[in-house]
2 protein chains.
Amino acid sequence: MYQKKIPELLDCGLAVAIKVIGGKWKAWIIDCIRRGVSRPSAIHREMQAVNPRIINLHLKELEEVGIIYKEIFAEVPARVEYRLTPVGESLLPVIDVMEQWGNAHKDYINRNHADYASGNCQFLQEAN
Amino acid sequence: MYQKKIPELLDCGLAVAIKVIGGKWKAWIIDCIRRGVSRPSAIHREMQAVNPRIINLHLKELEEVGIIYKEIFAEVPARVEYRLTPVGESLLPVIDVMEQWGNAHKDYINRNHADYASGNCQFLQEAN
DNA sequence: CAGGACAGGGAAAAATTTATCCCTGTCCTG
DNA sequence: CAGGACAGGGATAAATTTTTCCCTGTCCTG
């Protein structure tokens, strides 16, 4: 993995949470595993749009920090399944809260962002 | 601002939440404003380690999506204060949840991350 | 054997975010 | 006037993340 040149803020809870969940596709991957889509190839199929390589990288990072772990079955051919660790499970409510907030306000956010250039201020308009 | 070449996922609540709060210093900036540190120069002082230019960029992005808004006092010299919009206020509990989760698990996360190279698996060790 | 599913990763490019440097103004105080 | 606080941003570089391309294996089925 890329060796960071600028140290991270590892003592701030918020920074840690964002580090864990902030990757572009991490939350989706966690959601897959939560729903039982646990094999690498299955996750790849579930997320057609995302390059398998990327998913593997994110899986590895999630594994590194102990959010998921890998179970390797000594079958032939070898089967791999990812599962949430207890700490990974504890993250689910956090994801839910974020998801709910985002769903509740995404229209507002997107509208503002889109209208910003045109000089509108949705916030003020909503205040009426 | 940089013009994105790859479209974002604006219909997913999680993506929206991460977009809003995922910036490297956005959460700290929101925290400043929440605590009443609302003037640009005051925020700069509060976050010595971060380049003022960056803070300005993040402020602008937070303003663009309607999380904060700018109040410009017609004084001389002009005074500027940032405040949270209602939607910005609604984000605070989400930040708190993330912060709490991070604080509760940052040791576990950091330990795992640090030990990963050495082959230890903190998750399994904790399971004992 | 040919082809495909499966797990995994190196190398390098592209995209994006973050950082640095330095500039433009106004105003106030000594 | 000199200097500093204040608000703001252009140009550019550096750091980081994401993407693409392509390769290594094993095994199973037709």
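Naming convention: chains lettered A, B, ... in sequence-line order (proteins, then strands); numbering from 1 in each chain.
In terms of modelled atom types and a separation under 3.5 Å, the side chain of Lys106(B) and the main chain of Gly13(A) share no donor-acceptor contact. Under the 3.5 Å distance criterion, the side-chain polar atoms of Ser38(B) are left unmatched by any main-chain donor or acceptor of Glu81(B).
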> Checking side-chain contact (heavy atoms from CB on, under 4.5 Å) for the pair Arg111(A)/Tyr108(A): CA distance, chi angles, key distance, verdict?
Replying inline: CA-CA 5 Å; Arg111(A) 189 157 27 94; Tyr108(A) 171 87; 4.2 Å; yes
>> Determine whether Leu14(A) and Asp31(B) satisfy the following criterion, side-chain contact (heavy atoms from CB on, under 4.5 Å), listing intermediate values before the conclusion.
In response: CA-CA 11 Å; Leu14(A) 209 35; Asp31(B) 190 59; over 6 Å; no
>> Would Ile29(A) and Met47(A) count as a side-chain contact (heavy atoms from CB on, under 4.5 Å) here? Give the steps.
In response: CA-CA 9 Å; Ile29(A) 292 174; Met47(A) 303 173 67; 4.0 Å; yes
>> Assess the residue pair Leu91(A) and His105(B) against the criterion (side-chain contact (heavy atoms from CB on, under 4.5 Å)); give the C-alpha distance rounded to whole Å, side-chain angles, the decisive distance to 0.1 Å, and a yes or no.
In response: CA-CA 10 Å; Leu91(A) 189 56; His105(B) 300 290; over 6 Å; no
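DNA chain C is contacted by Gly23(B), Lys24(B), Trp25(B) of residues 16-49 of chain B, taking any non-hydrogen atom closer than 4.0 Å.
Counting to the nearest Å, the P atom of dT20(D) and the CD1 atom of Ile55(A) are 12 Å from each other. In this structure, the CD1 atom of Ile72(A) is 11 Å from the C1' atom of dG8(C), given to the nearest Å. A straight line from CG of Leu57(B) to C1' of dT12(D) spans 13 Å, rounded to a whole angstrom. As rounded to whole Å, 12 Å separates atom P of dT17(C) from atom CD of Glu64(B). Asn51(B) has its CG atom 15 Å from the P atom of dA14(D), to the nearest Å. With rounding to whole Å, Arg53(A) atom CZ is found 11 Å from dC22(D) atom C1'. As a whole-Å value, the separation of Arg79(B) CZ from dA7(D) P is 10 Å. Between the CG atom of Leu59(A) and the P atom of dG9(C) there is a distance of 11 Å, given to the nearest Å.
OP1 or OP2 of dT17(D) has not a single side-chain nitrogen or oxygen of Lys5(A) nearer than 4.0 Å. The phosphate of dG9(C) (OP1 or OP2) has a side-chain N or O of Lys60(A) nearer than 4.0 angstrom. Checking the phosphate oxygens (OP1, OP2) of dT17(D), a side-chain nitrogen or oxygen of Lys4(A) falls inside 4.0 Å.
Comparing dT18(D), dG8(D), dT16(D) by their nearest atom to the side chain of Ile6(A) picks out dT16(D).
In a base pair of the Watson-Crick type (N1 to N3 plus N6-O4 or O6-N4) or a G-U wobble (N1-O2 and O6-N3), with each distance short of 3.5 Å, dA14(D) is matched with dT17(C). Base pairing annotation: dC23(D) forms a Watson-Crick or G-U wobble pair with dG8(C), both donor-acceptor distances under 3.5 Å. Under the Watson-Crick or G-U wobble criterion, with both distances below 3.5 Å, dT29(C) is paired with dA2(D).
Within 4.0 Å of Ile54(B), counting heavy atoms only, lies at least one base atom of the nucleic acid.
The nearest heavy atom of DNA chain C to Asn56(A) and to His58(B) marks one nucleotide each, and the one closer to the 5' end goes with Asn56(A).
The side-chain hydrogen bond (donor to acceptor under 3.5 Å, both in side chains) test applied to Gln100(A) returns no partner, not counting sequence neighbours.
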